[in-house]
Visitor: 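Right, I'll just put the structure down here and ask away after.
So that the names make sense, note that chain A is the first sequence line, chain B the second, and so on, each numbered from 1.
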Amino acid sequence: MYRHLERRLAQHIRDFLRRMYSLEVDRVVIEQPPNVQFGEYALPLAFELAKKLRKAPRKIAEEIVSGIGVIEGFEKFEVAGAGYINARVNRAALALAVAKGEEPGTEVPSGKILVEHSSINPNKAAHIGHLRNAILGDTFVRLLQYAGRKVDVQNYIDNTGVQVADVVVGFQHIDRKSLSDVEQLTKRPRFDYYCWDLYARASQWYEQDPENKKIRLKTLHELERGGNETAALAETISTAVLRRHLETMDRLDIEYDFLPRESEILHLHFWDAAFQKLKDAGVLYFENEGRNKGCWVMRRAGTGKPLTAEQAEEKNESAEKNVSEADKSVSEEDQKVIVRSNGTVGYVGKDIAYHMWKYGLLGKDFGYRKFFLYPNQHQCWISAEQGESEHPHFGDVSEIYNVIDARQSEAQNTVIEALRGLGYNPQADHYTHFSYEMVALTPRCAAELGYELSEDERARSYIEVSGRRGFGVKADDLIDKLIASAQKEVDSRHAELNGSEREKIARQIAVGALRYFMLKYTKQSVIAFDFKDALSFEGETGPYAQYAVVRASNIFRKGGMDADAFAKELGSKISADELAKFLAGKDNDELWDLWLAASKTAYIVDQCIATTEPAYLAKHVFQLAQLFNTFYHRHPILAEGDEQKKKFLLATAGVVRRELIRALAVMGIESPPAM
RNA sequence: GGGCGCGUAGCUCAAACGGAUAGAGCAUCAGAUUUCUAAUCUGAGGGUUGCAGGUUCGAUUCCUGCCGCGCCUACCA
């Protein structure tokens, strides 16, 4: 409801400015006052207008306040400080609307959105860095779905790259395993852990003898070509590891719709189709000299002179030859090799083709096979050269979000520039690199894990994980630890519950702790991972919020009432006048703050989507839980003597409980029945 | 060298297009439970927002320079 009122206010202000001053503003800035005593919305509008209107801000603010008139849902407007306009809403009306629990809808664009996340090399166990990616991606999917968007979730599988090749080399040349040996190994639990170690061993093995590196290159070529024994072994390994990744992510309630694989991008000749278009459009050109002689190259993103909007327009209007001349002058440094001199295509090229497919611009499609059926019957599909005849339709989307770490931003931008160069500007504009920073280990954590550190590394605040060194925290290990720790607590607190109930709760708490931990940091901050913080269930954590829900639930259980029904039917239980009385005035600001926070779910979700920043939701959930815990402490609800007051307090608990459950669900966190 | 990003309390992090007194958690210290379970709550201490300029009514936020740190800068993916 908070969002709904904000939009209504913005619209009225726009109309008013047009009427009163003949001013058109595209965006009315509406802030949240630092304290609820100032009201629910704050407009710094008068400061902005001061220059345009050549009047003192305070004077303008007074004019607006006296002229704005009646706006439904708002009680009054006040001028504060040097010219702030503070808006006060009708508290009872807002509370009643919130209690009903139905957010007035907004227009939802019809197009489908594709979110790509996880994309873990299928050659070793997933680690905490992959967890951050998957949790960010999955949460963003849930945010979009909450906002009413249709979303396809894809997990790109690089099954023909060097990382898979390294493990293949490990099996063939270090451990000397046959295909059937490996097939047996894949049936053992956590085959991906075996590969984790083997990958690290293979990386060392390359250092021992330059000849070994030649084997690696040969293996890589065999994988890319396909149709040979090495490729068959790679297929067995990467498919088994991929299944493990899906299982790991499913422990966190993360699911995918489709798994496009690089092998199909190669074998279905996606690149050939893209290559032709890129050459025709002049995006790619052949280099005749220097370091990149014999390669097809394009300008690396971010190396051109930055163009302003006007310059870009001029450029479009000016003669074509200027453009190509400018492109030809790209220095070697600024060139990105797309096709190597031996004719093979690099990963950026494949990525360009893949993204043309996403937008339905390639004129080719994958084959589709059923791959993984989740316990909830959701079917996950995988790409295939020859697919099944009946399959859902993927691709042809109108917006793309790629959850890929910040280190790849240049490559991502190069793909966007290629689309632009092909003339697909709207598609390029709706291509979002959802960039986030890595998860690193604190030196203390690395030491705990028994890794030897150089003096240099010990002095740093964090150390990057490294698959090649086998250096990192495996996802399943962390999840196991969290579950064990939660299980211990649940067992000691709830002897009355049976084993499977306790197990389920422990899992919910573990998932809540982990997902919250990965979401509470803003994307651009490197997470310096530490077991102490990650395993905490106290303070700013998922379990803290889950516990608030349990406390609310307990009130209703003890009172023999249905929490949701109680909240929803507030209007028939208490008159509007009485409700107003309970919420009015300074004495009740603290209660009102709680209601106001509970009204913000849709507003926060919008903010998260607009900024591709799920951390705002995590902060909001924590604040709401914190306000509730204070409320819980101050008001022994069931002991309340005044019947009307008691109903009001119950409704408060019911509404907050419902909104907490909702918001947690958007973060992929379940609310346990007991803790 | 070039590109991107970061620097805020002892530690880990917030601060939505520039806005009202820079906020949380952890840690430390002092308190709270015959009550709807303390995985909780109340309070205290802790800050020249890396440094120096600039723009502005107003800067943690924008601009310039400097210092420190990270990532990218492969005919790897």
Side-chain angles (χ1 to χ4, degrees), chain A residues 27 29 31-35 38 42 44 47 50-51 56-57 80-84 86 121 158 160-165 216-217 220 262 291-297 300-303 333-334 336-344 346-348 350-351 405-411 413 435 437-438 440 442 460-462 464 486 489-490 493-494 509 520-522 524-528 530 532-533 536-541 543-544 546-548 550-559 604 607-608 610-611 613 615-616 619 622-623 626 629-630 632-639 653 674-675:
Chain A
R27 262 193 88 195
V29 176
E31 296 169 353
Q32 300 182 41
N35 191 309
F38 293 110
F47 299 111
K51 236 177 283 167
Y84 262 98
N86 291 331
N121 270 303
D158 179 12
T160 57
V162 273
Q163 294 211 22
V164 170
R216 171 200 224 175
L217 197 62
L220 180 62
E262 187 168 273
R291 194 172 74 186
N292 297 327
K293 185 178 178 183
C295 298
W296 287 88
V297 301
R300 194 188 294 285
T303 59
E333 280 284 306
D334 292 350
K336 176 73 196 165
V337 171
I338 303 298
V339 180
R340 305 177 190 112
S341 55
N342 67 5
T344 58
Y347 88 108
V348 174
K350 285 177 255 186
D351 224 20
D405 79 69
R407 285 172 291 199
Q408 295 199 44
S409 65
E410 190 184 281
N413 289 333
S435 168
E437 271 295 347
M438 63 186 170
T442 59
R460 290 191 210 161
S461 59
Y462 56 80
E464 198 174 345
E489 289 291 325
V490 175
R493 286 162 198 248
H494 293 286
I509 292 169
K520 75 174 177 180
Y521 302 93
T522 52
Q524 77 280 0
S525 137
V526 175
I527 296 181
D530 192 65
K532 183 176 148 291
D533 296 335
S536 170
F537 296 155
E538 289 167 18
E540 195 187 343
T541 66
Y544 176 94
Q546 289 172 315
Y547 187 63
V550 168
R551 288 178 132 184
S553 301
N554 286 344
I555 297 169
F556 289 93
R557 205 190 45 216
K558 191 112 179 188
I604 300 291
Q607 295 278 353
C608 291
T611 55
E613 181 51 272
Y616 295 137
K619 291 282 174 217
F622 177 64
Q623 274 167 22
Q626 209 174 25
N629 274 330
T630 307
Y632 178 91
H633 188 257
R634 295 258 161 96
H635 303 277
I637 299 177
L638 293 178
M675 279 177 79

Visitor: Below 3.5 Å between N/O atoms, which protein atoms pair up with nucleotides 36-42 of chain B? Just atom names and distances, please.
Guide:
{"residue": "B/rC36", "atom": "N3", "partner": "A/H635", "partner atom": "O", "Å": "3.4"}
{"residue": "B/rC36", "atom": "N3", "partner": "A/I637", "partner atom": "N", "Å": "3.1"}
{"residue": "B/rC36", "atom": "N4", "partner": "A/Y632", "partner atom": "O", "Å": "2.4"}
{"residue": "B/rC36", "atom": "N4", "partner": "A/H635", "partner atom": "O", "Å": "2.4"}
{"residue": "B/rC36", "atom": "N4", "partner": "A/P636", "partner atom": "N", "Å": "3.4"}
{"residue": "B/rU37", "atom": "OP1", "partner": "A/N554", "partner atom": "ND2", "Å": "3.4"}
{"residue": "B/rU37", "atom": "O2'", "partner": "A/Y547", "partner atom": "OH", "Å": "3.1"}
{"residue": "B/rU37", "atom": "N3", "partner": "A/M675", "partner atom": "O", "Å": "3.3"}
{"residue": "B/rU37", "atom": "O4", "partner": "A/H494", "partner atom": "NE2", "Å": "2.6"}
{"residue": "B/rU37", "atom": "O4", "partner": "A/M675", "partner atom": "O", "Å": "2.5"}
{"residue": "B/rA38", "atom": "OP2", "partner": "A/R551", "partner atom": "NH2", "Å": "2.9"}
{"residue": "B/rA39", "atom": "OP1", "partner": "A/R493", "partner atom": "NH1", "Å": "3.3"}
{"residue": "B/rA39", "atom": "OP1", "partner": "A/Y547", "partner atom": "OH", "Å": "3.0"}
{"residue": "B/rA39", "atom": "OP2", "partner": "A/R493", "partner atom": "NH1", "Å": "2.8"}
{"residue": "B/rA39", "atom": "OP2", "partner": "A/R493", "partner atom": "NH2", "Å": "3.2"}
{"residue": "B/rA39", "atom": "N9", "partner": "A/R493", "partner atom": "NH1", "Å": "3.4"}
{"residue": "B/rA39", "atom": "N7", "partner": "A/R493", "partner atom": "NE", "Å": "3.2"}
{"residue": "B/rA39", "atom": "N7", "partner": "A/R493", "partner atom": "NH1", "Å": "2.4"}
{"residue": "B/rA39", "atom": "N7", "partner": "A/R493", "partner atom": "NH2", "Å": "3.4"}
{"residue": "B/rU40", "atom": "OP1", "partner": "A/G539", "partner atom": "N", "Å": "3.3"}
{"residue": "B/rU40", "atom": "O2'", "partner": "A/R551", "partner atom": "NH1", "Å": "2.7"}
{"residue": "B/rU40", "atom": "O2'", "partner": "A/R551", "partner atom": "NH2", "Å": "3.3"}
{"residue": "B/rC41", "atom": "OP1", "partner": "A/Y544", "partner atom": "OH", "Å": "2.4"}
{"residue": "B/rC41", "atom": "O2'", "partner": "A/H633", "partner atom": "ND1", "Å": "3.1"}

Visitor: Where does B/rC17 land, syn or anti, given syn is within 90° of 0?
Guide: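 Chi for B/rC17 falls in the syn range.
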
Visitor: Where the side chain of A/Q408 is defined as all heavy atoms beyond and including C-beta, which of B/rA77, B/rC13, B/rA24 is the nearest nucleotide?
Guide: B/rA77

Visitor: With a non-hydrogen cut-off below 4.0 angstrom, is A/K336 in contact with a base, only sugar-phosphate, or nothing?
Guide: nothing

Visitor: Using a cut-off of less than 4.0 Å, is there contact between a side-chain N or O of A/Y462 and OP1 or OP2 of B/rC69?
Guide: no

Visitor: Do A/N554 and A/R557 meet the criterion of a side-chain donor-acceptor pair at a distance under 3.5 Å?
Guide: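 Yes, because at least one side-chain N or O of A/N554 sits under 3.5 Å from a partner of the opposite role on A/R557.
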
Visitor: Are side-chain N/O atoms of A/Y544 and A/N629 paired as donor and acceptor at under 3.5 Å?
Guide: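 Yes, side-chain donor-acceptor contact under 3.5 Å.
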
Visitor: Run the salt-bridge test on A/D530 and A/K532 with the 4.0 Å N-O cut-off and return the result as yes or no.
Guide: no

Visitor: Below 4.0 angstrom, N of the basic side chain to O of the carboxylate: do A/E540 and A/K619 qualify?
Guide: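 Looking at A/E540 and A/K619, the cut-off is met.
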
Visitor: Report which part of the nucleic acid A/E464 touches: base, sugar-phosphate, or nothing (heavy-atom distance under 4.0 Å, all strands).
Guide: sugar-phosphate

Visitor: Under the 3.5 Å rule, do the base of B/rA16 and the side chain of A/Q32 count as making a donor-acceptor pair?
Guide: yes

Visitor: Just call it for A/A610: base, sugar-phosphate, or nothing, with non-hydrogen atoms closer than 4.0 Å on any strand.
Guide: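 Here A/A610 touches no strand at all.
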
Visitor: Hey, does A/V337 reach any base, or is it just sugar-phosphate, or nothing, if we go heavy atoms under 4.0 Å?
Guide: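 If one applies the 4.0 Å heavy-atom cut-off, A/V337 turns out to touch the sugar-phosphate alone, with no base involved.
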
Visitor: Counting any heavy atom closer than 4.0 Å, what does A/N86 reach on the DNA or RNA strands: base, sugar-phosphate only, or nothing?
Guide: base

Visitor: Run A/E437 and A/I527 through side chain to side chain contact (heavy atoms under 4.5 Å, CB included) and show every step you take.
Guide: CA-CA 8 Å; A/E437 271 295 347; A/I527 296 181; over 6 Å; no

Visitor: So which nucleotide from B/rC75, B/rC6, B/rA20 ends up closest to the side chain of A/S341?
Guide: B/rC75

Visitor: Just call it for A/F622: base, sugar-phosphate, or nothing, with non-hydrogen atoms closer than 4.0 Å on any strand.
Guide: sugar-phosphate

Visitor: With respect to the side chain of A/E540, which nucleotide from B/rG25, B/rA20, B/rC72 is positioned closest?
Guide: B/rG25

Visitor: Is A/G346 touching bases, backbone alone, or none of the nucleic acid, heavy atoms closer than 4.0 Å?
Guide: sugar-phosphate

Visitor: Can you tell me how far P in B/rA44 sits from the matching atom in B/rU60, rounded to whole Å?
Guide: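 That atom pair is separated by 25 Å.
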
Visitor: Taking all atoms of both residues into account, what is the closest heavy-atom pair of A/V29 and A/P44, and its distance?
Guide: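 What the structure gives for the nearest pair is O-CD, 3.5 Å.
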
Visitor: Which pair of heavy atoms, one from A/S341 and one from A/K293, lies closest together, and at what distance?
Guide: CB-O, 3.9 Å

Visitor: How is A/F47 classified with respect to the nucleic acid when contacts are heavy atoms under 4.0 Å: base, sugar-phosphate, or nothing?
Guide: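 The residue A/F47 makes base contact.
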
Visitor: Would you tabulate the nitrogen or oxygen pairs shorter than 3.5 Å linking the protein to nucleotides 1-4 of chain B?
Guide:
{"residue": "B/rG1", "atom": "N2", "partner": "A/E333", "partner atom": "OE1", "Å": "3.3"}

Visitor: Counting side-chain heavy atoms from C-beta on, which of B/rC26, B/rA77, B/rU73 comes nearest to A/Y347?
Guide: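 Of all the options, the side chain of A/Y347 is nearest to B/rA77.
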
Visitor: Where does RNA chain B form stems of at least three consecutive Watson-Crick or G-U wobble pairs, each pair having both distances below 3.5 Å?
Guide: B:1-7 with B:67-73, B:10-13 with B:23-26, B:28-32 with B:40-44, B:50-54 with B:62-66

